[in-house]
Every structure is written in structure tokens, then in C-alpha cells.
There are 2 protein chains.
Amino acid sequence: MTDCSPTPISLAKLRLACGNCSLHELCLPVGIGLDDVDRLDRIVKRRRPSSRGDHVFRLGDEFRAVYAIRAGSVKTYTTTEGGGEQVTGFHLPGELIGLDAIHTGTHPSSAKVLETTSLCEIPFDHLEELSAVIPSLGRQLIRIMSREIHSDDELLTLLGKKSAEERLAALLISLSNRLQQRGFSAREFHLSMSRNDIGNYLGLAVETVSRLFTRFQQLGLVTANNKHIRIERLEDLRALATGSSSCQPRG
Amino acid sequence: MTDCSPTPISLAKLRLACGNCSLHELCLPVGIGLDDVDRLDRIVKRRRPSSRGDHVFRLGDEFRAVYAIRAGSVKTYTTTEGGGEQVTGFHLPGELIGLDAIHTGTHPSSAKVLETTSLCEIPFDHLEELSAVIPSLGRQLIRIMSREIHSDDELLTLLGKKSAEERLAALLISLSNRLQQRGFSAREFHLSMSRNDIGNYLGLAVETVSRLFTRFQQLGLVTANNKHIRIERLEDLRALATGSSSCQPRG
DNA sequence: GCGCAGAAATGACGGGGGTCAACTTCCCCG
DNA sequence: CGGGGAAGTTGACCCCCGTCATTTCTGCGC
């Protein structure tokens with residue numbers, strides 16, 4: 001019999017569990033004591049890894065929980081009447097999905113796993129109860145949702161105003177930034193989504209995405225081997241993404 | 001601050017005050033007692049009406065409060081490096097603006113009044129304190145933000161996939177729906193925003209918007225006299241907006 | 001009522017990117 | 001290892017919508 005049996009959860013284990021996933025944002029920041037972390041940790045269900053193509057939830061599913069991505073990646077999308085898909089986001093480790101379902105109690109979008117992915121399921125009723133006890137938890141959730149709204153607004157600008165070149169550059173820069181924040185390389189990474197998904201997300205035809213990758217490569221901006229991306233000139237690519245490139249309209 | 005009402009607030013007045021604005025969503029639904037309504041009402045500052053062109057807040061302003069629209073309309077927009085504007089939304093009575101600022105503490109967008117407009121200012125620190133005391137208030141705020149995320153995702157589909165025709169139709173239908181929910185006519189209303197704003201919002205050139213209004217009128221879908229809009233064939237317009245019109249691509 | 005400025009409408013034109021089609025590469029599974 | 005289907009690439013064509021230019025309309029101050 002080991003001497004640690006009376007303690008259900010060790011602190012070291014907690015830190016490990018919360019270090020890299022969305023709990024990093026939900027619980028670790030300011031104002032949450034160790035007891036509270038423990039309480040939060042108890043409501044979180046860790047799932048066994050999902051594999052490519054699995055659904056986390058589907059459009060129309062009853063809303064029960066939000067999901068935090070621990071490792072891997074997920075795409076969210078809606079289905080239009082005609083049966084067409086619109087990809088609304090690519091989600092990396094440390095992000096929460098399912099937030100758009102809170103309002104109606106039914107998921108208005110689907111989420112599909114792009115590669116082998118570990119998820120934490122956070123039952124929403126428990127989260128609400130716990131937020132009532134730990135106000136800073138609710139505040140943190142509100143902050144996360146606020147950021148979501150803001151990033152959606154940025155995406156609107158992307159789709160409303162930017163050229164095809166700028167859109168793809170912006171996506172690559174966004175992925176690069178987010179991966180770097182999570183401790184991965186900013187210049188070299190794996191695109192887990194298909195060209196089809198990319199085009200769909202950016203409002204472009206697949207063929208256009210293909211041509212753009214070719215052009216970017218000819219310009220020496222990136223090296224793209226299939227799904228492996230290496231950004232060669234990050235600042236130039238960033239300039240392209242923000243529209244402040246040399247070939248700007250009307251000088 | 002111009003609040004000159006030292007008198008305790010009567011319930012009748014409260015109902016009047018909250019009946020038509022966002023408080024309608026923030027406080028009236030389930031689970032908030034009269035005492036709580038009273039407490040909420042005390043932190044809300046009612047402003048004197050703003051007139052066309054006034055700013056509610058500007059990009060870069062410190063975040064202090066969210067704002068509920070009581071009457072009138074507001075556009076929100078961001079400014080890009082090049083000095084260009086991107087309109088991110090048109091907001092009607094009963095909606096909250098400023099939610100995207102919670103995350104960073106600084107407004108990432110500006111809000112400009114489109115016509116004479118009454119606003120309620122809700123200081124956010126007070127709202128957070130009150131949410132800790134009235135859990136259902138915080139829950140309601142989370143629900144409102146969830147809806148915001150969802151509606152942004154719908155707009156993404158609009159900008160990513162729809163033709164110019166479909167976009168304008170979708171805007172008109174959206175306005176019609178929202179106005180109807182608020183007790184106004186669904187078929188006849190006043191467009192408080194300029195053609196420029198509409199085009200900007202929808203990712204179209206002004207000229208295209210103009211041509212579309214002309215075409216819609218020729219098709220007998222709407223009657224547009226300047227800013228006065230009358231929807232003649234609402235269902236057909238709705239069909240156009242959802243992409244399920246007769247002239248669908250590839251049958 | 002006059003005149004001016006900004007908004008809106010209309011026309012002409014060209015290009016960015018969608019569409020279709022053919023080909024190649026990748027990848028899964030027996 | 002090899003076959004087959006999906007994913008990705010490339011080329012040809014052309015249409016929608018952006019751009020530019022001009023005209024008309026609207027609102028507002030004097």
C-alpha cells in the first residue's frame with residue numbers, strides 16, 4: 001500500500017494536466033486557489049484520444065459540455081441547406097470549442113477531429129455551478145468568449161476585404177502565432193487540414209489555394225511539401241497578411 | 001455623469017426601463033427576483049440620447065463598460081493599418097456592444113451612432129460584482145456572448161460563400177427578423193446606415209450595392225426609396241438569402 | 001428658392017478568381 | 001508491392017464584381 005493513497009489528486013499531476021490545455025486559461029491565471037483547481041479538475045472528464053474524422057459533436061446535438069483541446073486539432077463547421085459545408089474555424093491545443101451552443105442549448109455547428117486528438121470534456125452544468133462558487137472562474141470564461149468574439153470579427157475583415165493572397169498568408173501567420181504561443185515552432189509545422197478545408201474556410205476555391213501555395217513557394221516565402229510547411233520569410237509573409245505588402249493597391 | 005434621480009426607483013418604471021432594451025435579455029428572463037432587478041438597475045447609467053456620428057467608444061479606448069441600445073442603431077467597425085474601415089456589425093435596440101473588449105481591457109473596435117440613439121451604460125466592474133452575487137446574471141451574460149459568437153459564425157458563411165445578391169438579401173432578412181422580434185414591422189423599415197456602410201459590411205463595392213437595390217426592385221422583391229425599404233416578397237427574398245433560390249448553381 | 005457637397009445611381013471596362021477538365025501524386029489497404 | 005480512389009496540381013476559359021468616371025439625387029445651410 002502506497003503512502004499517497006489517501007490523496008486522490010497530487011498537485012504535480014494537476015499541473016501536468018492543466019499545463020498545456022485550455023485549463024491553462026480557465027484555471028491557472030490569477031485568483032484561483034489550489035483547492036479551486038482541485039474542484040475544477042474533478043468535473044473535467046479526460047477522454048481517450050479521438051482519431052481523424054471522429055466527431056466531437058454534431059450540428060443539432062444537445063449541448064452538454066464544452067471541450068478543451070489538449071493535443072491535436074479540430075475543425076468546426078456548419079452545414080447549409082444545400083448540404084454544403086462552411087468551415088468556421090481550426091482549433092489548436094489550448095482552445096475551447098462548443099461555446100456557440102450555450103445560447104440555444106443545441107449545437108449550431110459540428111466539430112471534427114483533424115488528426116489524433118486528446119480532448120477534455122467539461123460538463124457545462126457543473127461548470128456553471130462551480131462558477132457560482134468561484135466567481136473568477138466565470139469571469140475567466142467570459143474573457144475567453146470575449147476573445148472569441150474579437151477573433152471572429154478579425155476573420156470577418158479577412159473575408160470581407162482581403163485578396164486571396166492576403167487570406168492564405170493571414171491563415172499561415174495565425175497558425176504560426178498560435179503554435180508559437182503553445183511552445184511549438186513558429187516557422188515549421190504540419191497542416192492537419194486539407195486544401196479543401198483551407199479553401200472552404202478562407203472562402204476560396206481549392207484550385208486557388210493550390211496555386212497560391214505554388215506562388216508563395218516561387219516567391220521564396222514558404223516551402224510546402226504536401227502538409228509540411230516551413231515559413232522561410234516570416235516577416236514578408238506577415239506583411240502580405242496585413243495588407244502592408246509592397247504591391248499594395250493604389251500605392 | 002448626468003444621473004439626477006435621487007428618488008428610489010419604482011417597479012413600474014423598472015419594467016418600462018427594461019422592457020425594450022438589452023436588460024430585457026440581461027435581467028428579465030428566468031430566475032431573477034425583483035430585488036435583483038432593482039440592484040441591476042442601480043448600476044445602469046442611462047445616457048442622454050446621442051446623435052448621428054457620435055462615438056460610443058473608439059478603438060483603443062480603455063474598457064470600462066458595455067452598452068445596451070435602448071432605441072436607435074449603432075455600427076461597430078475596426079480600422080486597419082491602411083486607414084481603411086471594416087464594419088463588423090449593425091446593432092439594433094436590445095443588443096449589447098463592447099463585449100469584444102472584455103478580454104484585453106481595451107476596445108478593439110469603434111462604435112458609431114447611426115441615428116439619434118439612446119444607450120444604457122453598464123459599468124463592467126459593477127456587472128462582474130453583481131454577477132458574483134446573482135449567478136443567473138452571469139449565466140445570462142454568457143448566453144448572450146454565446147449567441148454573439150454564433151451569429152458571427154453565420155456571418156462568416158455569408159462572406160465566405162455567398163454571392164453579392166445573396167449577401168444583400170441576407171442582410172435585409174436579418175434586419176427584418178431582428179426588427180420584428182423587437183415589435184417593429186418586418187416588411188417596412190428605415191435603413192439608418194449608408195450604402196457605403198452596407199457595402200463595407202458585406203464585402204462589396206458601393207456600386208454593387210446600388211446595382212443590387214436596383215435589380216431587387218426590378219424583380220419586384222423590394223421597394224427602395226432612398227433609405228426607406230419595403231419588402232414586397234419576403235419569402236422570395238428569404239429564399240434568395242439562404243441560397244435556395246430558383247437560380248441555384250448546377251441545379 | 002439657390003447652390004453646394006456628399007450620397008447614390010448608372011455605364012464602361014478589366015482583372016481576380018471561380019469553374020471545368022485533365023493529369024499527377026499521395027495514401028490506404030489488401 | 002501494387003491497385004484504386006481521394007487529394008492535390010496545373011491549365012484554359014470566362015463571368016462576376018471591383019474600379020474608374022460621369023451623372024443624378026438628396027439634404028442642408030443661407
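Proteins get letters first, then strands, A, B, ... in listed order; numbering begins at 1 in each. Not measured: the values here are computed from a predicted model.
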Could you tell me whether B:Glu235 and B:Arg233 make a salt bridge, using a distance below 4.0 angstrom between a side-chain N and a carboxylate O? no

Using a strict 4.0 Å threshold on nitrogen-to-oxygen distance, state whether A:Arg215 and A:Glu165 make a salt bridge. yes

Whole angstroms only, please: what is the [atom1]-[atom2] distance between [X] and [N]?
| X | N | atom1 | atom2 | value |
| --- | --- | --- | --- | --- |
| B:Gln217 | C:dA9 | CD | P | 9 Å |
| A:Leu202 | C:dG16 | CG | P | 19 Å |
| B:Arg215 | C:dA8 | CZ | C1' | 17 Å |
| B:Arg167 | D:dG18 | CZ | C1' | 12 Å |
| B:Leu212 | D:dC16 | CG | P | 12 Å |
| A:Leu204 | D:dG8 | CG | C1' | 16 Å |
| B:Leu191 | C:dA8 | CG | P | 10 Å |
| B:Asn200 | D:dT19 | CG | P | 12 Å |

Please state whether the base of C:dC20 and the side chain of A:Glu207 form at least one donor-acceptor pair under 3.5 Å? yes

So which nucleotide from C:dA8, D:dG18, C:dT10 ends up closest to the side chain of B:Thr214? C:dT10

Among D:dG8, C:dC20, D:dC17, find the nucleotide with the atom closest to the side chain of B:Ala164. D:dC17

Using only side-chain N and O atoms of [X], determine if any of them is under 4.0 Å from OP1 or OP2 of [N].
| X | N | value |
| --- | --- | --- |
| B:Asn226 | C:dA9 | no |
| B:Thr208 | D:dG18 | yes |
| B:Asn196 | C:dG6 | no |
| B:Arg211 | D:dC17 | no |
| B:Lys227 | D:dG27 | no |

Proximity of B:Phe189 and B:Phe184 rings by center, below 6.0 Å: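 Centroid distance B:Phe189-B:Phe184: not below 6.0 Å, so no.
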
Any idea how B:Phe90 and B:Tyr201 line up, ring-wise: parallel (<30°), tilted (30 to 60°), or perpendicular (>60°)? tilted

Under 4.0 Å, counting only non-hydrogen atoms across every strand here, what does A:Gly199 touch: a base, just sugar-phosphate, or nothing?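 If one applies the 4.0 Å heavy-atom cut-off, A:Gly199 turns out to touch nothing in the nucleic acid.
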
Mind checking if B:Ser194 touches a base, just sugar-phosphate, or nothing, with heavy atoms under 4.0 Å? sugar-phosphate

Search all heavy atoms of A:Leu240 against all heavy atoms of A:Ala169 and return the closest pair with its distance. CB-CB, 4.0 Å

